[in-house]
Amino acid sequence: MKKRLQHLIQCALKQLGITSVEVVVELPEESFGDIATPVAMSLAKILKKPPRKIAEDIIKAIDEKDIFDRIEIAGPGFINFTFSRTYLYSELKNLIKEDSLFLREKIGKGKRVQVEFVSANPTGPLHLGHGRGAAVGAALSNLLGAGGYKVEREFYINDAGRQVRLLGMSVFAKYKQLHGMDYPFPDDGYRGDYIENLTREFENQYKDRFVKNEFDEAARIVIDFSYKKMLALIKKDLEDFHVYFDTWQSERELYEKGEVLKSISDLRERGCVYEREGATWFKSTDFGDDKDRVIIKGDGEYTYFAPDIAYHRKKVEGKFDELIDIWGADHHGYIPRIQAVIQALGYPGESLKVLLVQMVSLLRSGKPVLMSKRAGEFVTLREVMDEVGADTTKFIFLTRRPDSHLEFDLEVAKAQSAENPVFYVQYANARINSIFAHAREQGIDADKVKDTEPGLLSVPEELRIIKKLLTYPMVFEGAVISHEPHRITFYLQELAGMFHPYYQRYKVVTDDTDLTMARLALCEAIRIVLRDGFEILGLSAPERM
RNA sequence: GCGCCUGUAGCUCAGUUGGAUAGAGCAACUGCCUUCUAAGCAGUGGGUCAGGGGUUCGAAUCCCUUCAGGCGCGCCA
């Protein structure tokens with residue numbers, strides 16, 4: 001629809017001797033028309049003519065006027081187009097016939113993109129902030145996949161370094177204590193019920209095998225046991241949240257394969273690494289960072305940054321055309337140094353797009369829920385899923401821009417779980433489903449909707465819905481380009497908001513067979529679009545509610 | 001102190017990357033189940049788009065500035 005109009009206007013402009021102008025097309029307020037362009041206004045400056053006069057000339061030069069009912073100039077120089085019914089019907093038929101092919105603009109053209117998200121430390125269960133990252137990352141990945149990209153969803157596992165070691169130490173201390181020994185708990189150790197459970201599981205498997213050992217002697221086994229259990233827990237949480245990954249990149253593997261060493265010597269050869277005060281530094285200030293960063297500490301240990309250099313080196317040197325990292329906004333200060341690494345390796349800093357997902361502040365009845373990881377007190381994604389529901393939780397995340405600060409009130413969310421907009425949208429799908437079931441009971445061959453002529457659809461509600469359906473590809477395209485899945489969410493709410501009143505007012509299945517078929521066709525089209533949206537957003541599409 | 005994000009209806013948030021009279025859900029109030037599912041529908045009220053300047057045909061949107069909130073500025077991760 002959009003492309004067709006752009007093409008028509010482009011041709012008209014060519015006739016007027018104007019080329020190389022981008023034709024902006026937008027959806028106006030309904031009373032003005034179905035689709036509009038402000039192009040005459042933006043040409044006013046260049047042509048030094050009044051915009052309304054330019055608009056007139058454009059309209060005169062447009063071919064194929066028959067797909068429109070009206071073309072009008074309005075306001076300061078908008079051109080508003082209203083489609084003819086014939087055109088709407090034929091497009092509706094195409095939609096039903098082509099299904100998702102009709103809906104999804106193939107913008108990616110097979111380009112390979114990697115989306116890395118969640119990447120939570122395997123030291124405990126996922127919390128709500130991870131949930132937001134998961135919902136957004138999954139939806140964005142699905143969106144890009146639908147938009148013609150080849151998408152790889154990656155989870156980076158921090159299975160080396162201090163945090164998993166600390167996890168192991170925490171479990172080890174608890175294990176010793178379990179055996180009645182007085183053993184110091186690490187200062188920054190992990191606490192909480194899940195550590196107790198983990199310790200019991202560990203004891204269950206190894207009995208008293210390590211009671212006489214110091215931590216270092218058992219380190220590898222305790223650490224591995226613990227983080228693997230935690231990782232399994234995380235995987236289970238994600239699975240129940242209906243979020244899936246294609247690859248799991250291990251940090252430890254980067255060490256073991258020598259990638260960390262290699263990437264440092266690579267940077268060294270490029271003259272971007274130096275020694276000072278016993279430490280090894282990366283000269284990130286050469287690439288716009290505000291200070292240089294330590295890679296290897298004075299005590300010979302790697303910083304967190306070191307494997308990240310290797311990791312992102314692997315990314316940029318990999319097979320991907322585009323790279324997207326989704327991070328919590330609290331890591332935003334980390335962007336310049338990672339992009340410095342990328343530039344130091346000879347790639348443009350924009351090779352990596354970092355999408356920041358803002359903080360989630362958790363409330364209960366308006367009061368902040370204080371979360372202390374240290375004390376092991378935090379509300380997990382699982383608790384919220386259990387309390388509020390997975391679809392509802394996701395929907396709350398997907399009705400907001402990623403960069404908006406989110407207040408998640410458990411009580412409100414729970415209260416809304418009955419009234420949540422997600423059900424409103426899913427209910428539309430369920431209703432359509434039962435309409436079809438009913439139609440079949442009446443002996444109607446509902447499978448024929450694909451060949452039905454929708455010409456009998458004539459009430460205003462029907463035409464409005466058809467027009468709405470036909471704008472989906474535009475909304476979809478905008479969502480893909482801007483990396484904003486939430487646009488789909490809002491669209492679905494609007495579509496459902498048209499369907500429910502229609503349902504209330506008109507019966508689909510009546511004695512009039514032809515009209516019934518036409519209306520079933522409309523329902524089928526709505527269902528196709530709803531399901532497409534659900535699929536992208538990672539929401540379930542219940543057949544009945 | 002510096003950097004990033006945010007500020008839109010009582011509350012939670014959209015606003016098609018600069019377009020026309022700023023929208024939705026919740027909350028409040030009034031009605032609607034003998035009908036393909038009432039998780040629904042019809043209706044009412046609700047705004048100094050944080051404040052102030054600027055850019056232009058046109059600003060919630062872009063620039064400057066003030067205020068308010070969040071986050072970040074380690075040889076932590």
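Note on naming: letters A, B, ... go to the chains in the order of the sequence lines (proteins, then strands), and numbering restarts at 1 for each one.
Listed by chain and number, the residues in a side-chain hydrogen bond (donor to acceptor under 3.5 Å, both in side chains) with A/Glu105 are A/Lys3 (sequence neighbours excluded). The salt bridge (charged side-chain N to carboxylate O under 4.0 Å, His left out) test applied to A/Glu322 returns A/Lys111, A/Lys353, not counting sequence neighbours. In terms of the side-chain contact (heavy atoms from CB on, under 4.5 Å) criterion, residue partners of A/Asp409 (sequence neighbours excluded) are, by chain and number, A/Leu363, A/Glu411, A/Val412. Taking the ring-ring contact (aromatic ring centres under 6.0 Å, His included) definition, one finds that A/Tyr227 meets it with nothing, sequence neighbours left out. Legend: residues meeting side-chain contact (heavy atoms from CB on, under 4.5 Å) with A/Glu22, ordered by chain and number and at least two apart, are absent.
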Dump every N/O contact between nucleotides 27-32 of chain B and the protein below 3.5 Å, one line per pair.
none

Can you name the atoms? Protein N/O to nucleotides 75-77 of chain B N/O, anything below 3.5 Å, with the distance.
{"from": "B/C75", "atom 1": "O2", "to": "A/Gly298", "atom 2": "N", "distance (Å)": "2.7"}
{"from": "B/C75", "atom 1": "N4", "to": "A/Glu277", "atom 2": "O", "distance (Å)": "3.0"}
{"from": "B/C75", "atom 1": "N4", "to": "A/Glu277", "atom 2": "OE1", "distance (Å)": "3.4"}
{"from": "B/C76", "atom 1": "OP2", "to": "A/Lys297", "atom 2": "NZ", "distance (Å)": "2.7"}
{"from": "B/C76", "atom 1": "O2'", "to": "A/Arg162", "atom 2": "NE", "distance (Å)": "3.4"}
{"from": "B/A77", "atom 1": "OP2", "to": "A/Tyr304", "atom 2": "N", "distance (Å)": "3.0"}
{"from": "B/A77", "atom 1": "O2'", "to": "A/Asn121", "atom 2": "ND2", "distance (Å)": "3.4"}

Can you check nucleotides 6-13 of chain B for protein contacts, nitrogen or oxygen pairs under 3.5 Å, and list what you find?
{"from": "B/U6", "atom 1": "OP1", "to": "A/Asp403", "atom 2": "OD2", "distance (Å)": "3.2"}
{"from": "B/U12", "atom 1": "OP1", "to": "A/Glu407", "atom 2": "OE1", "distance (Å)": "3.3"}
{"from": "B/U12", "atom 1": "O2'", "to": "A/Arg400", "atom 2": "NH2", "distance (Å)": "2.0"}
{"from": "B/C13", "atom 1": "OP1", "to": "A/His405", "atom 2": "O", "distance (Å)": "3.1"}
{"from": "B/C13", "atom 1": "OP1", "to": "A/Glu407", "atom 2": "N", "distance (Å)": "2.8"}
{"from": "B/C13", "atom 1": "O5'", "to": "A/Arg400", "atom 2": "NE", "distance (Å)": "3.4"}
{"from": "B/C13", "atom 1": "O2'", "to": "A/Thr399", "atom 2": "O", "distance (Å)": "3.1"}

Close N/O contacts between protein and nucleotides 33-35 of chain B (under 3.5 Å):
none

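Residue pairs meeting the salt bridge (Lys or Arg N to Asp or Glu O under 4.0 Å) criterion with at least one member in residues 488-497 of chain A, sequence neighbours excluded: A/Lys468-A/Glu494.
Applying the Watson-Crick and G-U wobble criteria (two distances, each under 3.5 Å), B/A42 pairs with B/U30. B/U55 is unpaired under the Watson-Crick or G-U wobble criterion, no partner having all donor-acceptor distances under 3.5 Å. Pair check for B/A22 finds none; no Watson-Crick or G-U wobble contact set falls under 3.5 Å. In this structure, B/C76 forms no base pair with any nucleotide, since neither Watson-Crick nor G-U wobble geometry is met with both distances under 3.5 Å. B/C67 and B/G7 make up a base pair, with Watson-Crick or G-U wobble contacts both under 3.5 Å.
For A/Tyr424 and B/G40, the ring-to-base geometry does not satisfy the stacking test (centroid distance below 5.5 Å, interplanar angle below 30°).
Rounded to the nearest Å, the gap between the C1' atom of B/C75 and that of B/U17 is 42 Å. Nucleotides B/C57 and B/G40 place their P atoms 48 Å apart, quoted to the nearest Å.
Aromatic ring centroids of A/Phe117 and A/Phe155 lie 6.0 Å or more apart.
Distance NE2 (A/His500) to C1' (B/A42): 15 Å, rounded to an integer number of Å. A straight line from NE2 of A/His486 to P of B/A14 spans 6 Å, rounded to a whole angstrom.
Of all nucleotides listed (B/C71, B/C5, B/A20), B/A20 comes nearest to the side chain of A/Ala36.
Scanning residues 515-526 of chain A for heavy-atom distances under 4.0 Å to RNA chain B yields an empty list.
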Could you give the side-chain donor-acceptor pairs of residues 522-534 of chain A under 3.5 Å, partners two or more places apart or in another chain?
{"from": "A/Glu524", "atom 1": "OE1", "to": "A/Arg527", "atom 2": "NE", "distance (Å)": "3.4"}
{"from": "A/Glu524", "atom 1": "OE1", "to": "A/Arg527", "atom 2": "NH2", "distance (Å)": "2.9"}
{"from": "A/Arg527", "atom 1": "NH1", "to": "A/Asn433", "atom 2": "OD1", "distance (Å)": "3.3"}
{"from": "A/Asp532", "atom 1": "OD1", "to": "A/Arg104", "atom 2": "NE", "distance (Å)": "2.9"}
{"from": "A/Asp532", "atom 1": "OD1", "to": "A/Arg104", "atom 2": "NH2", "distance (Å)": "2.8"}
{"from": "A/Asp532", "atom 1": "OD2", "to": "A/Arg104", "atom 2": "NE", "distance (Å)": "3.4"}
{"from": "A/Asp532", "atom 1": "OD2", "to": "A/Tyr472", "atom 2": "OH", "distance (Å)": "2.8"}

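Between A/Glu477 and A/Lys2 there is a salt bridge, with a side-chain nitrogen of the basic residue lying less than 4.0 Å from a carboxylate oxygen of the acidic one.
The minimum heavy-atom distance between A/Leu537 and A/Lys394, with the atom names listed, is O-CD, 4.0 Å.
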